[in-house]
Structures are given as C-alpha cells and as structure tokens.
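Below is one structure; the comments refer to it alone.
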Protein chains: 4
Amino acid sequence: MPQFLENHANAAPVKRERRKDARPGELLAAALDLFVEKGFAGTRVEEVALRAGVSKGTLFLYFSSKEELFKAVVREYIGTHLRAGHEALCVAKEPAADMLAFCITQWWERYGATKAAGITKLMMSEAANFPELAEFYQQEVILPGRALIRSVLQHGVNTSEFAIDDIDNAVFAVLAPLMFLILWRHSLGPCSPASQQLDPSRFLKSQISILLRGVLATQRHSDRGRVTVQTVKTYEAKTA
Amino acid sequence: MPQFLENHANAAPVKRERRKDARPGELLAAALDLFVEKGFAGTRVEEVALRAGVSKGTLFLYFSSKEELFKAVVREYIGTHLRAGHEALCVAKEPAADMLAFCITQWWERYGATKAAGITKLMMSEAANFPELAEFYQQEVILPGRALIRSVLQHGVNTSEFAIDDIDNAVFAVLAPLMFLILWRHSLGPCSPASQQLDPSRFLKSQISILLRGVLATQRHSDRGRVTVQTVKTYEAKTA
Amino acid sequence: MPQFLENHANAAPVKRERRKDARPGELLAAALDLFVEKGFAGTRVEEVALRAGVSKGTLFLYFSSKEELFKAVVREYIGTHLRAGHEALCVAKEPAADMLAFCITQWWERYGATKAAGITKLMMSEAANFPELAEFYQQEVILPGRALIRSVLQHGVNTSEFAIDDIDNAVFAVLAPLMFLILWRHSLGPCSPASQQLDPSRFLKSQISILLRGVLATQRHSDRGRVTVQTVKTYEAKTA
Amino acid sequence: MPQFLENHANAAPVKRERRKDARPGELLAAALDLFVEKGFAGTRVEEVALRAGVSKGTLFLYFSSKEELFKAVVREYIGTHLRAGHEALCVAKEPAADMLAFCITQWWERYGATKAAGITKLMMSEAANFPELAEFYQQEVILPGRALIRSVLQHGVNTSEFAIDDIDNAVFAVLAPLMFLILWRHSLGPCSPASQQLDPSRFLKSQISILLRGVLATQRHSDRGRVTVQTVKTYEAKTA
DNA sequence: GATGAATGAGGATTCATTCAT
DNA sequence: CATGAATGAATCCTCATTCAT
C-alpha cells in the first residue's frame with residue numbers, strides 16, 4: 001500500500017514534524033499581514049500567533065522578539081521580491097519600449113499583486129523606526145530596482161528609441177505609479193467605497209501608455225505591427 | 001456679509017485667548033512631526049508634549065485623548081491642504097499643459113514642501129487603524145484632488161491639447177509622482193545617503209516633462225515660444 | 001502657632017513633594033527586605049511596590065528595571081555599611097584586645113543588627129547572578145573590612161599583645177562569627193523554633209571571649225582591672 | 001536482621017533499574033549545581049535537564065515539579081551529609097582537642113569539600129521560600145551537628161581540658177568558620193581574583209589553632225609531643 | 001520511556017490617563 | 001491653567017508543565 005494512503009487513515013491531527021517546518025512561514029505570513037495593516041507598534045504578537053493558529057509562546061520559539069519577527073518578515077519577503085525581480089530581469093530585450101512594459105507588468109504580477117508587496121508599504125511606514133532595515137531595504141531592493149529600470153531606459157536611449165533628458169529622475173516616472181498602486185491597495189484602497197477602487201490592469205495599462213508616450217523618441221512599429229509613438233521634443237513647462 | 005468679516009464680531013477676547021489658542025497649534029505641530037515619523041502607536045504623548053514645550057498633563061487639557069489628538073492633527077493640516085488646493089484651483093487656465101504644470105508646481109510649493117504633507121504619509125500608514133479618518137481624508141482631500149486634476153485633463157482633452165484614453169486612470173499619472181515625492185521625503189529619504197537624495201525641483205521638472213509628453217496630443221508652441229510635444233498615437237504594450 | 005501643628009490640620013493626604021523625596025528610600029527598604037527574604041528572582045517588583053505603598057508603575061519612575069533596583073539596593077546599603085565601618089575605624093586604639101572587641105560590638109550595633117546586614121546575605125545568595133555587583137561588594141566592603149581587622153590584629157602582634165601565626169587567615173576567625181550571625185538571622189533563624197534562637201549579645205560575647213583567648217599572647221590586666229588571658233604557644237592539631 | 005541486608009532481598013531487578021535509577025542521580029547532581037549557583041527561582045529546569053544530558057520532558061518523568069526536584073536535591077544530599085557526619089562521630093575520642101580538630105578536618109573532607117556542601121548555601125538562600133525544608137534541614141542537620149560539637153566540647157570541659165563559659169554559643173565558634181568556608185567557596189569565592197582565594201587547609205589550620213587556644217583550659221602536651229596551649233582566664237571585653 | 005513542540009499563566013515593563021498640588 | 005507624580009491596563013516575554021509522537 002502506498003505510503004501516502006496510510007496517512008489518510010488517521011489524518012485529522014496534522015503531524016507535528018510537518019508543523020514545525022511550516023510554522024515560521026505561517027507566522028511570517030500572519031505577521032506580514034498585520035504589520036502592514038496596523039504597523040509595527042500597533043500589532044500585538046499574540047494576534048500574529050493567533051492568526052497563524054498557534055499560541056503566544058510558540059511564536060517566541062521561532063523568533064526571539066517582536067523586533068526579530070519584524071526583521072525576519074522584511075528579509076523573507078524581500079527575498080521573494082529579489083528572486084522575482086532577477087528572473088524578470090533576464091528576459092526579453094528588444095525593443096526597449098516592450099521591455100519596459102514587460103518589466104512593469106511582470107513586476108506587478110510577480111511582486112505588486114502578491115503579499116510581499118506589503119513590505120513596500122511597511123518600509124514606508126516604519127523606515128524611521130528601523131533605520132538599519134530601511135538601509136538594508138534601500139541596498140537590496142530600491143537600488144537594484146532603480147538600476148534595473150535605469151538600464152532599460154538607458155538601453156532605449158542608446159538605441160535612440162527613447163529621448164530622455166534626465167534619466168536618473170525618469171526612473172521615478174516608472175517607479176512612482178508602481179509604488180502608488182501598492183500603497184493605494186494597502187492603505188486607502190481598503191477604506192474606499194467600491195466606486196473608487198483601482199483596477200490594477202487598467203491602471204497599469206494607462207500608466208504604461210502615458211509613460212511610453214512620455215519617453216519614446218519617435219514613431220515606430222513594434223514587431224507585432226502595433227503602431228506606437230512619436231515624440232519630437234521635450235516640453236518645458238512654464239512654471240512660476 | 002462677507003464671511004471673513006464675521007470673525008471680527010467676537011474679536012475682542014482674541015488677545016486674551018491668543019496664549020491659550022497658541023498651545024494647541026504647537027501641540028498639533030509637534031504631534032504631526034512625531035506621528036509622521038513614528039506612526040500613531042509608536043509616538044508617546046509625553047514626547048509630543050515635550051516637543052511642544054509643555055507637560056504631559058497640559059496636552060490632555062486640550063485633547064481628551066491621544067486618538068483625539070491624532071484626529072485633530074489630521075483635520076488641522078487637511079484644512080491647510082484644502083485651502084492651498086482651492087486657491088491653486090482658482091488661477092491660470094490656459095493652455096491646459098501650462099495649467100497642469102502650474103498645478104503640480106503649486107501643489108508642491110503650497111503643500112508637498114510643507115509640514116502638512118506629512119499627513120499624506122500619515123494616512124497611508126494609519127488608514128487601517130482609523131477608517132473613519134481615512135474616509136474623511138478621501139472625501140476631503142483625495143476626491144477633490146482627483147476631481148481637480150481630472151478637470152484639467154478633461155479641459156485639455158476638450159481643447160484637443162491632450163490625447164488621453166483613460167482619463168480616470170490618467171489622473172494617477174499626475175498624482176503618483178507627487179505622492180512618491182512626499183512619501184520618499186518622509187520615509188526612506190531621511191534614511192538614505194546624500195548621494196541618493198531626490199532634488200524636488202529636478203524631480204518635478206522631469207516628471208512634468210515626461211507626463212506632458214505622455215498626454216499631449218500634438219506638437220505645439222507654448223505661449224513663450226518653447227517647443228513642446230507631438231504625440232501621434234497611443235502605444236499599446238506587448239505584454240504577456 | 002508652631003508649624004508642625006499646622007500640618008495636623010489637614011494631615012491625611014501626605015504632601016506629594018514630600019512623598020517624592022521619600023519614595024526611593026521606601027522602595028529600597030522594601031526591596032531590601034524582599035530580596036533578602038526571597039532572592040532576586042523570587043521577588044516580584046509589584047510586591048516591592050506594594051510593600052512601599054505604591055503601585056507597580058511608580059517603582060519604575062525611580063528605578064528603570066528590577067535589576068537596577070537591585071543594584072541600587074546594594075549600593076545604598078553598602079553606603080550605610082561603609083559609613084558605619086569608617087566611623088568605627090576612627091576610635092579607641094589601645095589595647096588591641098579592647099579594640100578588637102570594640103570593633104566587633106560596634107560592627108554589630110552599626111551594621112549587623114540593621115536592615116543593611118541583609119545585603120551580606122543577599123550577596124552570598126546572588127553573587128553568581130551579579131558578578132559585577134559581587135566584585136563591587138568585594139572591593140568596597142570585604143577588602144576594606146579585611147584590611148581593617150587585619151590592621152587591628154597586626155597592631156596587637158606589633159605590641160606583643162597578640163600571638164598569631166597566620167594573620168591573613170586569622171582575619172576570618174573574626175569575620176566568620178559575624179557572618180554567621182547575620183546569615184543565621186536572615187535565613188534559618190526565622191524558620192527556627194524559639195528554643196533555638198541565637199541571642200546576639202550572648203553570641204558575640206562568647207565569640208569574643210573565645211577569639212581573644214585564641215589570639216592573646218600573654219596574661220595581662222585591662223585598664224579596668226579585669227583579668228584577661230595568657231596564651232603560651234600555638235596548638236598544632238593532630239589531623240589525618 | 002541488619003538493615004543493610006534488607007536491600008539484598010529485592011536485589012534481582014537492580015541491574016534492570018540501574019539505567020533508570022541512574023537518571024535521577026544525574027538530574028539531582030545537575031540540579032544541585034545550578035540551584036546552588038543561581039538559586040531556586042533563577043534556575044531553569046531546562047538547564048538542569050540539559051546539564052544532565054536529557055530533555056526537559058524527561059526530567060518531569062522523575063520529578064513531578066520543579067519544587068519536588070528541589071526537595072529531592074536537598075533530601076538526597078542531606079542524606080550524604082548525615083552518613084558522613086555519623087561516621088565521623090563514631091571515631092577517635094581522646095583527647096578532646098584532638099577530637100575537635102579531627103571532627104573539623106573530617107567534616108571538611110567528607111562534607112565541606114564535596115558537592116553536598118552546596119546544600120548549606122542553598123538552605124541559607126532559600127530557607128524563607130521553603131520553610132518546611134528549612135525545618136527539615138534544621139532537624140536533620142543543624143541540630144545533630146550542634147549536638148555533636150556540643151558533646152565534644154562538653155567532653156573537653158568534663159575532663160577539664162576545655163574551659164568554656166557558654167558551651168551553647170561556643171558551638172558556633174566551631175560552626176562559624178566551617179559555614180564561612182563553604183559559603184565563601186560557593187558565592188563570593190568564584191567571583192574573586194586569584195589573589196584573594198582561600199586555601200581551605202591553611203584556613204582550617206588557622207581556625208583550629210585559634211579555636212583551640214580559645215577553649216583549652218591549660219597548657220598541655222599532645223600525644224605527639226607538640227606543645228599546645230595554656231589559657232588562664234576568660235577575657236571579658238570592655239565594650240560600650 | 002524519551003522527546004521537544006506547544007501551551008498559557010505569570011511577571012517585567014510601558015505608557016495613556018488622572019488628579020492633587 | 002499647568003504640572004508631573006501616580007496609576008494600572010495592556011503588552012512583551014519567560015518558563016514550568018503538558019502531551020502527541
């Protein structure tokens with residue numbers, strides 16, 4: 001008789017050994033949710049434990065303090081982020097516009113739409129209280145992200161596909177809508193009436209559209225025959 | 001009778017209450033700083049009192065609880081926000097591109113660069129813990145802001161200056177960089193090395209440039225003779 | 001009307017200012033009792049607070065942690081000890097036997113019979129858990145005490161009043177009964193039936209008598225005409 | 001039937017239970033060390049188990065609670081003490097001075113220098129928390145010990161070897177240095193620099209010397225020809 | 001028996017709030 | 001009004017004890 005059927009005989013109580021391996025992950029997931037929702041100080045460890053289905057004491061078997069739990073959450077989900085990011089990095093190269101759009105949509109699917117995205121909001125809220133973590137986050141997430149986007153933009157500029165004056169700041173034209181979407185969904189979004197919810201795919205489509213029209217240098221035809229954009233010159237606003 | 005005259009009716013005791021009236025303002029300012037930096041739960045009322053130069057007990061003479069203090073902070077600085085926003089609203093109308101750029105720079109000067117901008121970060125962090133405040137913020141700030149931007153964009157579309165597919169989402173192409181700038185300056189920014197700081201004016205200039213190229217329908221000359229942008233068609237990204 | 005009568009008028013609520021100065025002392029006294037009785041780990045801070053007539057939180061206004069409270073107790077009562085010790089040190093010099101007896105009785109009256117003596121038991125019990133304090137206690141109390149006694153013994157030897165082979169160890173012949181008396185009174189004594197209680201004055205008289213006969217070199221007459229002791233040679237026991 | 005034979009009656013299963021019977025011994029030894037070092041409350045049962053090489057759960061198979069473990073430790077090592085004490089009691093009788101010295105050195109070798117001596121420190125520290133144990137300790141250890149020493153002193157007095165005014169308190173002149181040595185070695189000693197360590201054999205030699213000079217009535221020659229002590233009269237200190 | 005994961009009562013510590021001065 | 005000492009509910013964390021494996 002196959003082994004996996006034997007387990008079914010007395011299935012009800014999940015095996016302890018199995019549980020022990022799963023605990024940290026369950027606790028981290030619960031902690032992420034609550035930290036994102038209520039902030040570090042506003043979250044009670046017991047709540048985290050209960051949400052993970054264990055008692056207060058059990059949490060401390062795996063994380064020596066609330067602060068360590070917090071750090072572990074950030075590290076764990078930053079790990080997820082980075083892996084996803086690096087995978088996305090290694091794909092489709094041409095043309096730059098497609099690549100940029102691809103990066104954005106991939107980023108959304110692999111990070112923005114996942115639980116891990118809560119880390120972004122978390123860092124925004126708690127940076128001042130955890131400066132070491134904030135620095136860590138900068139080094140491990142922000143800088144690589146900025147570099148990745150910058151390389152795509154630079155690539156477009158090199159191939160004359162993009163016309164960008166200030167690439168360093170242009171990077172934020174890509175990042176800002178992505179951050180905005182995440183922050184919205186993790187803060188004001190859940191408090192908004194249905195009529196004001198953001199539809200992520202429409203939102204991203206719109207942002208990609210405006211963004212690309214904003215950086216493309218000239219009209220061109222994509223490899224699939226879709227007409228794109230032609231930009232002539234930089235606009236300089238008349239500001240006060 | 002003009003509204004601003006009504007205040008004169010009971011002007012006499014103003015001098016007497018000045019001292020008393022000044023206290024709440026100092027407390028609110030101190031509270032704003034600390035709430036923004038450390039979050040609601042992470043801020044101690046004693047710290048607020050100390051920063052405002054009064055004792056802990058005095059704070060409770062003016063605000064019946066920490067939560068009431070928090071609400072007062074939000075309402076106070078939302079007031080500032082709204083007044084600034086509405087004033088900006090009532091000016092320069094043509095052309096739409098200039099108006100948009102003007103709105104953005106005004107918004108920065110009158111709100112983004114002020115202490116009041118901390119409220120934005122605060123609401124992002126605390127929305128889940130103060131749903132009624134979040135709703136209030138949405139109603140009083142977000143919706144009017146979106147409506148204002150939308151009206152500018154719509155205006156541009158109406159005059160054929162702008163070509164925008166999805167105006168509702170395009171609004172966020174304006175909002176996102178502004179939010180990003182505020183959040184950066186109130187969270188990760190202070191934790192970053194000097195080399196990675198954002199220069200607000202360059203940042204905004206870059207965002208305005210890309211944004212306008214992204215929404216303008218066609219090349220045009222601004223009233224001051226600067227050449228701007230010509231966009232031909234909407235780009236549709238080749239995504240998975 | 002004398003001032004102390006005025007206080008009687010509205011006596012019930014003791015003045016707060018007065019209280020604040022008294023608090024630390026009251027807390028230290030309560031803490032000494034309980035730490036001596038139950039040990040550091042076995043004592044609850046709330047118990048200390050209650051015995052001092054305040055609430056849990058008040059204790060932490062004066063001592064930042066249980067451990068700091070403990071250290072403060074030791075330092076406070078070591079201070080008492082040292083002051084008493086130094087005063088005793090500066091008196092009656094001759095003859096050495098009188099001086100030794102005087103030191104012992106003074107030590108008892110000024111230290112052994114006071115609350116401060118609990119520190120001795122405390123250090124015996126907690127030395128391993130507070131090595132820094134133990135070292136502090138050694139440096140500040142034990143070493144000076146040993147030096148003091150040693151100087152008295154040496155004085156007696158110099159004047160040929162005492163005959164002592166091993167002065168360094170002889171010091172403990174003075175210390176041991178004193179320690180014993182303290183430890184007895186703070187540990188087993190309170191658990192003993194009345195029939196087995198030690199009478200300190202008899203105990204000390206007996207110890208002084210045996211001790212002096214044990215160290216005196218030769219018969220002599222004290223200045224008050226009491227006959228004393230004559231010792232001829234050192235006894236060397238036949239041990240296995 | 002001699003008592004020691006009774007154990008043979010059910011000797012057969014001994015081998016089988018040896019393993020099982022060994023465990024409690026290892027646990028008791030580990031527990032003694034830790035209780036002595038850190039006190040009852042300061043010792044964690046898990047630490048005891050680890051030091052004994054078993055798991056936390058196993059400890060509770062043998063001792064139903066931490067408190068029972070503590071009592072078992074005291075009883076176990078008091079047993080050791082008593083056996084050693086009674087054996088020492090039954091030997092060498094003359095002269096009283098030799099017997100006293102013999103008792104002291106035997107006591108040191110058979111008890112003071114062994115792990116069991118930790119019990120003495122333990123009882124000093126924990127008497128107030130375990131009154132029933134303290135009473136047990138008094139009945140089983142202190143009283144017999146005092147009686148033993150008293151009988152030796154009385155014997156010396158009866159033979160005119162000793163001149164002692166207050167025999168009951170004189171007993172403590174014997175006990176005090178012994179207690180002192182044990183307490184020193186189990187508390188402050190381990191925290192002291194090498195330069196201040198006590199050398200037990202020198203310490204005891206010195207104490208015995210002073211003690212015997214302190215109680216002997218007159219000069220005499222020991223059976224090995226060593227000259228000893230002559231005391232003429234009781235010293236009465238001039239105290240305040 | 002032995003294990004060690006899990007529990008939860010208990011104790012240290014914090015901090016919003018009160019109130020006598 | 002202003003103060004800051006005092007309070008105690010709330011929270012983090014520990015550790016004796018249990019129990020499924």
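Quantities reported herein were computed from a predicted structural model and do not represent experimental measurements. In what follows, every chain begins at residue 1, and chains take the letters A, B, ... in the order their sequences are listed.
- Contact between the side-chain N/O atoms of A/Y62 and the OP1/OP2 oxygens of E/dA6 is found at a separation under 4.0 Å.
- Using a 4.5 Å heavy-atom cutoff, the side chains of C/L69 and C/L28 are in contact.
- A/V45 comes within 4.0 angstrom of the backbone, heavy atoms only, and of no base.
- Within the 4.5 Å cutoff, the side chain of D/K66 has heavy atoms near those of the D/F40 side chain.
- Nucleotide E/dC15 forms a pair with F/dG8, judged by Watson-Crick or G-U wobble geometry with both contacts under 3.5 Å.
- In this structure, E/dT21 and F/dA2 make a Watson-Crick or G-U wobble pair, each of the two defining distances being under 3.5 angstrom.
- Comparing C/L61 and D/G53 along DNA chain E, the residue whose closest nucleotide (by nearest heavy atom) sits nearer the 5' end is D/G53.
- A straight line from CG of A/L34 to P of F/dT11 spans 13 Å, rounded to a whole angstrom.
- In this model, the phosphate group of F/dA6 is not approached by any side-chain N or O of C/S55 to a distance below 4.0 Å at OP1 or OP2.
- Across the interface with DNA chain F, nearest-nucleotide mapping of C/V54 and A/S65 shows C/V54 to be the residue nearer the 5′ end.
- One atom, CG of A/L59, and another, P of F/dT14, lie 11 Å apart when rounded to the nearest Å.
- Heavy atoms from other residues, nucleotides or ligands lying under 6.0 Å from CD of B/E46 number 12 at most.
- Rounding to whole angstrom units, CD of residue A/E46 and C1' of F/dT14 are separated by 14 Å.
- Following rounding to the nearest Å, B/L27 (CG) and F/dC1 (P) show an atom-to-atom distance of 14 Å.
- Note: CG (B/L50) to P (F/dT3) measures 11 Å, nearest angstrom.
- The number of heavy atoms from other shown groups lying within 6.0 Å of CD (B/E135) does not exceed 12.
- Here C/T58 reaches the OP1 or OP2 of F/dT7: one of its side-chain N or O atoms lies under 4.0 Å away.
- Within 4.0 Å (heavy atoms only), D/T43 reaches sugar-phosphate atoms of the nucleic acid but no base atom.
- Taking atom CD of B/E68 as the reference point, atom C1' of E/dA16 lies 14 Å away to the nearest angstrom.
- Partner of B/F35 under the ring pair (Phe, Tyr, Trp, His ring centres under 6.0 Å) criterion, chosen from B/F130, B/F70, B/Y77: B/F70.
- The nucleotide whose nearest atom lies closest to any side-chain atom of C/F60 is, among E/dA16, E/dT14, E/dT7, E/dT14.
- Contact of C/K56 with E/dG10 (side chain to base): no donor-acceptor pair of N or O atoms is detected under 3.5 Å.
- Atom CZ of A/F63 is separated from atom C1' of F/dT14 by 18 Å (rounded to the nearest Å).
- In the set E/dA12, E/dA16, F/dA16, E/dA12 carries the atom at the smallest distance from any side-chain atom of C/R44.
- One can place CD of C/E67 at 18 Å from P of E/dG11, the figure rounded to the nearest angstrom.
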